[in-house]
Asker: 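First the structure, which I've put down as structure tokens, then a few questions once you've had a look.
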Amino acid sequence: MSRYIPNTHTDIQEMLEKIGVSSIEDLFVDIPKEVRVNGNLDLPEPMWEAQLLAHMEGLADKNETIKQNTCFLGAGAYDHHIPSVVGHIVSRSEFYTSYTPYQPEVSQGTLQAMFEYQTMICELTGMHAANASMYDGATALAEAAKMACTVKSKDRILISKAVHPQSRKVLETYARFNGIDVVEFGYRDGQVAMDEVEQMLSEDTAAVIVQMPNFFGIVEELDELGELIHKKGALFIVSVDPISLSLLKPPAEYGADIVVGEGQSLGNPLNFGGPYVGFFATTKKLTRRMPGRIIGETMDEDGRRGYVLTLQTREQHIRREKATSNICSNQSLNALTAAVYMAVMGKEGLSEVGDLCLQKAHYAYDKLLQLDGVEPMFNAPFFKEFVVKVDRPVSELNRHLLSSDIIGGYDLGRDYPELEGGWLVAVTEKRTKEEIDMLAEKVGELL
Amino acid sequence: MKNRPLIFELGKKGRRAYSLPQCDVPRRNTKELLGENIIREEGPDLPEVSELDVVRHYTNLSKLNYSVDTQFYPLGSCTMKYNPKINEDVARLDGFTSVHPYQPEDTVQGALELLYAMDGMLSEITGMDRVSLQPAAGAHGELTGLMIIKAYHENRGEGHRHKIIVPDSAHGTNPASAMMVGYDVVEVKSDDRGCVDIDTLRDIVDNNVAGLMLTNPNTLGLFEEHIHEISQIIHDAGGLLYYDGANLNAIMGMARPGDMGFDVVHLNIHKTFSTPHGGGGPGSGPVGVKQDLIPFLPVPMVEKEDNRYYFDYDRPLSIGKVKSFYGNFNVLVKAYAYILSMGAKGLKEASQNAVLNANYLASMLKKYYELPYDRYCMHEFVLSAQPQKEKGVSAMDIAKGLIDYGFHPPTVYFPMIVREALMIEPTETESKETLDRFIEAMIELAKMADEDPDKIKGAPHKAPMKRLDETRAARHPVLKWERDS
Amino acid sequence: MEVREDLKYSKDHEWIKIEGNKIYIGITDYAQDSLGDVVFVELPEVGEEFDAEEAFGVVESVKAASDVYVPISGTVVEVNEELEDMPEKVNEEPYESWFIAMEIEDTSELDSLMDWEAYRKFCEEEA
């Protein structure tokens, strides 16, 4: 028997006797013969522990990592430093082997940590309330659009083309099956084309969605846009990079009604794309329309402060087809990761990370622009990521860099044919001047 | 008694837990770089604590949780089985954690190989033809599966089909997911054996039916014995059959949804395949389909050609993307390791012992509680505390009472068709000794309900907290900490 | 269980107070008791129109949510905003805690409602 199954032969016999059957097979009488599996499933022979470890290491070794290479790739997933403490805390099995905190008396660890997480997200975004996480930034954005349509009883969404292509694709899928009409508006010099929004914004628009900084790394000016959207009675949805909010104004200040984003940057490993964590925050007025789990403060019978899952009537297990969303499991452990990360970095640390990214990204930008064959693509302020135009195919450039153990930037031509040759380069606090100089040197070699 | 401090209430200005490099590039003025108008006046008010403060705070918090590693956790429909440690180890390998999702395919062949193999193994286990690994959780899998069903009907010119049938015993996610794709939900009631009422089903079904969502074994822990007939009724009407895999742990290696006539399946990797629940997530909810539905699976799929793996985005009938990147990859790494550890024989033994353990508990407890459907169960069963309720002790009181015995409570008040429901799922990873201690506790609680009901109503007495006031939390929501409060 | 003689009642356990062609709607003592602690009341906006039997709001306890219906068609002219901050009033004083006031056109529609005696009997049967 597997080491994960403790029943011995004697145990099994004793239990069968108490049940009153002669074999385990008898317990499966309800499964009709014709749907039974004959013999064994066709799966690989079981591996013992050392063999499994060797096999897994073999697979892992076939992947290049950001530890063997210097990473200038971002585009929604970032190589920020993860403090050692973070891994230690989230590896405590009292956290990772528990379930959704349905029984608050024996789940205060998860509940309080999530309450603190919600507080931190509100602090970053300036919003009134946050939920305890969504699957990722893209699904959080799609759910925000759906929520806006329900709140406004309208079914048209405007979204900026400078929002992450994956988020737009996920929104498109959710919208298609929900009868929501999604219309994209363009960008000018890398920023929201206000005149297009103005033209497209109509009385039947439920919400307008922008990303900040946008997919090109560019910092948008959104005060005016917020006013315009509200004047037309629509909601303003902003998708944000949480690290940028150490330096940039909280979206509440420019009128956001719903703020979502990808929380990977906050201490979560790159993990080849997941699990990450979507955050979701909104205004007081819309709190009860939010999807997902929410933790609230209360008291126990002794009058001590404690935490519980609350506003549950919004959720599927109570409201069924009338729920605000179908979400049940979320990304709690990744939200915990984000919370521990923010606790470690603190007010000063997070701002320093933001500032280091900003400074180093600008140094890299200037350095690259000194090269022949590298041109600016846009002329707009950016945070930790920027676009330059290179006069060789981006894939060729990235191949060249990889041979020098550098993972190059994102090829914008993949999603924006009009930006062929656009190279989206991310520079986090981890990149040193030396590495940036090396990047410029290697790019210079090819161009 | 003093309140436990929040992390915000610890620390003071100037204290730090972080380590960062000096800026090694020439500094420029932040306002000039970003523009004055967009700069934040003051940084976010995050905690200012030392590294030890952080470690101690969260370590102490963790000790307030019940968890699989510390307690028996018989939470029905959640399959709280042991989460093997080797899986955690392999998932932490740099080659899995430190890989960027946009790296060139040639640099991620190991990851793609794993995903491809996972598709194959899960297809084999469920009897389906292909599996998408993208959905992030069970409910996300349901959403994806229903989108596939809708796209399939639309592609056949049958977009008028707007009804999804769900049993009254179904998980709340089923109707909620159907709503998310714009379907109307029609409920079918259960018969007196706890299964779908076939006659009612016949009455409901017409050519507007898009599909039926079924958990099998269902949430009462009972196998739908008439699955063949159900499948025929739905298919004859042109509908599709959807398998909610929440309870797959009962039947691995014994029976396959694909062989029962299901067209679409979602799995809960974090239940059946031993990956930890993480206090509510991350999970993973792969979706498997039969041949005819493969074209509609979300993009991308991993394909193999000449020993090279690649992402296939060229799928014109695909429903599109449902999540960023490729699903909860690191969760899948753990499940992959689990399947390789268990093999075909091990998975079958897991299901057999899960079923054995559940039946053992049911047979020992049915004298003390009501067992509304007295049949052999599969991996879980539902008791009713109605006899106790009549003495003033509710299912919730029993649940809280169990806490004092060091057990996590079962799922309570679900499924809704059983009054005072206690839904118990022991899983295969618990020993007979643990089950016996649980039985003893349940019997004592039943006796207490008879003799000293007030004692249970005050439970838990030994937990980190007394019962919490959920009414207060919902009436006047406090959803974040405020500095002045 | 309290039933007031001066009110009319619906099968959905709402009470209706009639003042000319204006009616006030709330939920009965029986309804609040079976719901348990009310934690939230969701109300429509002034000016919204409803058809008979249409849901105009939701009343919630911790673990349940029930729609509340307008017994006859009309237009909302007032909503009781006090309930948004003090949902407990619905438990404490169900017959003072009106949810909305509506203006109705066809008062004959009111004839289908139960009087207090019929409603009391209705509740006894339901229990």
Side-chain angles (χ1 to χ4, degrees), chain A residues 2 6 11 15 19 30 40-41 43 46 56 59-60 62-65 89 92-94 96-98 100 104-106 108-110 119 123 129 135 138 169 173 177 269 271-275 296-298 300-301 305 310 316-317 320-321 323 326 328-333 344 347 349 351 363 433, chain B residues 3 17-18 24-25 43-44 46 58 61-62 64-69 90 93 95 97-99 101 107 109-110 136-137 139 172 175-177 179 181 185 223 260 276-283 320-321 324-325 328-330 343-344 346 360 363 431-432 463 465-466 468 473 478-481:
Chain A
S2 153
D11 291 335
M15 287 197 267
I19 299 166
D30 285 344
N40 276 329
L41 296 173
L43 294 174
M56 297 304 284
L59 279 178
K62 289 185 195 172
N63 301 324
E64 291 284 335
T65 70
I89 301 290
R92 282 197 70 91
S93 64
E94 296 93 330
Y96 80 76
T97 73
S98 63
T100 304
E105 297 83 2
V106 288
Q108 284 300 303
T110 296
T119 303
E123 189 49 44
Y135 305 137
K169 291 228 167 78
T173 307
F177 292 96
N271 273 334
F272 195 48
E297 186 182 296
T298 188
D300 77 354
E301 284 170 359
R305 183 174 68 183
T310 195
Q316 47 75 29
H317 61 287
R320 298 173 83 84
E321 69 270 20
N326 71 333
C328 182
S329 282
N330 53 21
Q331 305 281 123
S332 186
L333 197 69
V344 169
K347 183 178 180 172
S351 300
Y363 175 75
K433 178 171 177 295
Chain B
N3 287 331
Y18 65 92
D24 58 357
V25 301
L46 296 172
Y58 286 105
L61 279 187
S62 77
L64 304 174
N65 275 1
Y66 273 19
S67 64
V68 173
D69 276 10
V90 298
L93 292 169
T97 58
S98 302
V99 181
T107 70
Q109 285 294 304
S177 299
M179 167 276 292
V181 298
V185 177
F223 194 87
M260 299 173 202
H277 288 71
K321 274 202 79 63
S324 285
F325 308 115
N328 279 341
F329 172 76
N330 201 267
Y360 178 60
S363 68
S431 68
K432 181 167 177 294
M465 298 208 86
K466 289 288 190 62
L468 288 127
V478 177
L479 308 179
K480 64 173 187 226
W481 178 80

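Labels below follow one simple rule: chain letters A, B, ... track the order of the sequence lines, proteins then strands, and each chain is numbered from 1.
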Asker: Picking from A/Pro275, A/Ser2, A/Ala138, which has the most non-hydrogen pairs under 4.5 angstrom with chain B?
Answerer: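 The option with the most such pairs is A/Pro275.
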
Asker: Which heavy-atom pair separates B/Ala139 from A/Cys328 by the least distance, and what is that distance?
Answerer: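 In this case the closest contact between B/Ala139 and A/Cys328 is CB-N, 4.2 Å.
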
Asker: Can you tell me which of A/Glu297, A/Lys347, A/Lys62, A/Lys433 forms the most heavy-atom pairs within a distance under 4.5 Å of chain B?
Answerer: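 It is A/Lys347.
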
Asker: With rounding to the nearest 0.5 angstrom, report the CD to OG1 distance, A/Glu64 to B/Thr107.
Answerer: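 One gets 6.0 Å once the value is rounded to the nearest 0.5 Å.
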
Asker: Does A/Thr298 have any side chain to side chain contact (heavy atoms under 4.5 Å, CB included) partners at least two apart in sequence or in another chain, and if so, which?
Answerer: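 In terms of side chain to side chain contact (heavy atoms under 4.5 Å, CB included), with neighbours along the sequence ignored, A/Thr298 is linked to A/Val308, B/Leu468, B/Asp469, B/Arg472, B/Ala473.
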
Asker: For the interface with chain A, which of B/Gly343, B/Ala137, B/Ala176 has the highest count of heavy-atom pairs at distances below 4.5 Å?
Answerer: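 That would be B/Ala176.
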
Asker: I need the residue from A/Asp11, A/Thr100, A/Val344 with the largest number of non-hydrogen atom pairs under 4.5 Å to chain B.
Answerer: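 Highest number of pairs under 4.5 Å: A/Val344.
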
Asker: Would you mind checking which part of B/Leu479 comes under 4.5 Å of any heavy atom in chain A, side chain (CB onward), backbone (N, CA, C, O), both or neither?
Answerer: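 Contact with chain A is through both the backbone and side chain of B/Leu479.
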
Asker: To the nearest 0.5 Å, what is the distance between CG on B/Asn65 and CD on A/Gln108?
Answerer: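 Going from CG on B/Asn65 over to CD on A/Gln108, the span is 9.0 Å.
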
Asker: Which one of A/Gln331, A/Glu105, A/His317, A/Lys169 has the most heavy-atom pairs closer than 4.5 Å to chain B?
Answerer: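 Sorted descending by pairs with chain B, the first entry is A/Glu105.
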
Asker: Tell me, do A/Asn326 and B/Met179 make a side-chain contact under 4.5 Å, heavy atoms counted?
Answerer: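 No - every pair of side-chain heavy atoms lies 4.5 Å or more apart.
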
Asker: Counting heavy-atom pairs under 4.5 Å to chain A, which of B/Ala463, B/Ala17, B/Ser98 comes out on top?
Answerer: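 The answer is B/Ser98.
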
Asker: Checking heavy atoms, do the side chain of A/Ile89, its backbone, both or neither come under 4.5 Å from chain B?
Answerer: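 For A/Ile89, the side chain is the part near chain B, not the backbone.
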
Asker: At a heavy-atom separation under 4.5 Å, does B/Ser67 approach chain A through its side chain, its backbone, both, or neither?
Answerer: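 Both backbone and side chain of B/Ser67 come within 4.5 Å of chain A.
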
Asker: For A/Gly274, is there any backbone N or O sitting under 3.5 Å from a side-chain donor or acceptor partner on B/Asn328?
Answerer: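 Judged by distance alone, no pair lies under 3.5 Å.
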
Asker: Using a cut-off of under 4.5 Å on heavy-atom pairs, state which of B/Gly95, B/Pro101, B/Gly346, B/Gly43 scores highest against chain A.
Answerer: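 Highest number of pairs under 4.5 Å: B/Pro101.
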
Asker: Chain B: which of A/Asn40, A/Ile19, A/Thr110 shares the most heavy-atom pairs with it under 4.5 Å?
Answerer: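 Counting heavy-atom pairs under 4.5 Å, the top option is A/Ile19.
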
Asker: Just how far is it from atom CZ of A/Arg305 to atom CH2 of B/Trp481, taken to the nearest 0.5 Å?
Answerer: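 One gets 9.0 Å once the value is rounded to the nearest 0.5 Å.
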
Asker: Output the distance between atom OG (A/Ser329) and atom NE2 (B/His277), rounded to the nearest 0.5 Å.
Answerer: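 The distance works out to 6.5 Å.
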
Asker: Atom OG of B/Ser177 and atom CD of A/Gln316: how far apart are they, to the nearest 0.5 Å?
Answerer: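 Nearest 0.5 Å value for the OG-CD distance: 8.0 Å.
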
Asker: Can a donor-acceptor pair be found between the side chains of A/Asn271 and B/Thr97 at a distance below 3.5 Å?
Answerer: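 The criterion, which ignores hydrogens and geometry beyond distance, is not satisfied for B/Thr97 and A/Asn271.
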
Asker: Is B/Val185 close to chain A through its backbone or its side chain, or both, or neither, when contacts mean heavy atoms under 4.5 Å?
Answerer: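 Side chain only.
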
Asker: Using non-hydrogen atoms only, which part of A/Arg320 is less than 4.5 Å away from chain B: side chain, backbone, both, or neither?
Answerer: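 Backbone plus side chain of A/Arg320, per the 4.5 Å heavy-atom cut-off to chain B.
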
Asker: Taking A/Asp30 for the side chain and B/Phe223 for the main chain, is one N or O donor matched with an acceptor at less than 3.5 Å?
Answerer: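 Not at all, since once roles are kept as given, no pair shorter than 3.5 Å links the two residues.
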
Asker: Is it the backbone or the side chain of A/Ser351 that comes under 4.5 Å from a heavy atom of chain B, or both, or neither?
Answerer: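 Answer is side chain: those atoms of A/Ser351 sit under 4.5 Å from chain B.
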
Asker: Roughly how far, to the nearest 0.5 Å, is the OG1 atom of A/Thr173 from the NZ atom of B/Lys321?
Answerer: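 Answer for the NZ-OG1 pair, B/Lys321 versus A/Thr173, is 8.5 Å.
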
Asker: Can you say whether A/Tyr363 sits under 4.5 Å from chain B via the side chain, the backbone, both, or neither, judging by heavy atoms?
Answerer: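 When you check distances to chain B, only side chain atoms of A/Tyr363 fall under 4.5 Å.
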
Asker: Output yes when a side-chain donor or acceptor of A/Ser93 lies under 3.5 Å from a complementary backbone atom of B/Asp69, and no otherwise.
Answerer: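 Between the backbone of B/Asp69 and the side chain of A/Ser93 there is no qualifying donor-acceptor contact (under 3.5 Å).
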
Asker: Specify the closest pair of heavy atoms between B/Gly110 and A/Asn63, including all atoms of both residues, with the distance to one decimal.
Answerer: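 Closest approach of B/Gly110 to A/Asn63: N-OD1, 2.9 Å.
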
Asker: So which of A/Tyr96, A/Tyr135, A/Phe272 has the biggest tally of heavy-atom pairs under 4.5 Å with chain B?
Answerer: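 Max contact count across the listed options: A/Phe272.
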
Asker: Could you check if a side-chain atom of B/Pro282 sits within less than 4.5 angstrom of a side-chain atom of A/Leu333, using non-hydrogen atoms only?
Answerer: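 Yes; the side chains approach each other to less than 4.5 Å.
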
Asker: Is it the backbone or the side chain of A/Thr119 that comes under 4.5 Å from a heavy atom of chain B, or both, or neither?
Answerer: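 For A/Thr119, the contact with chain B is made by backbone and side chain together.
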
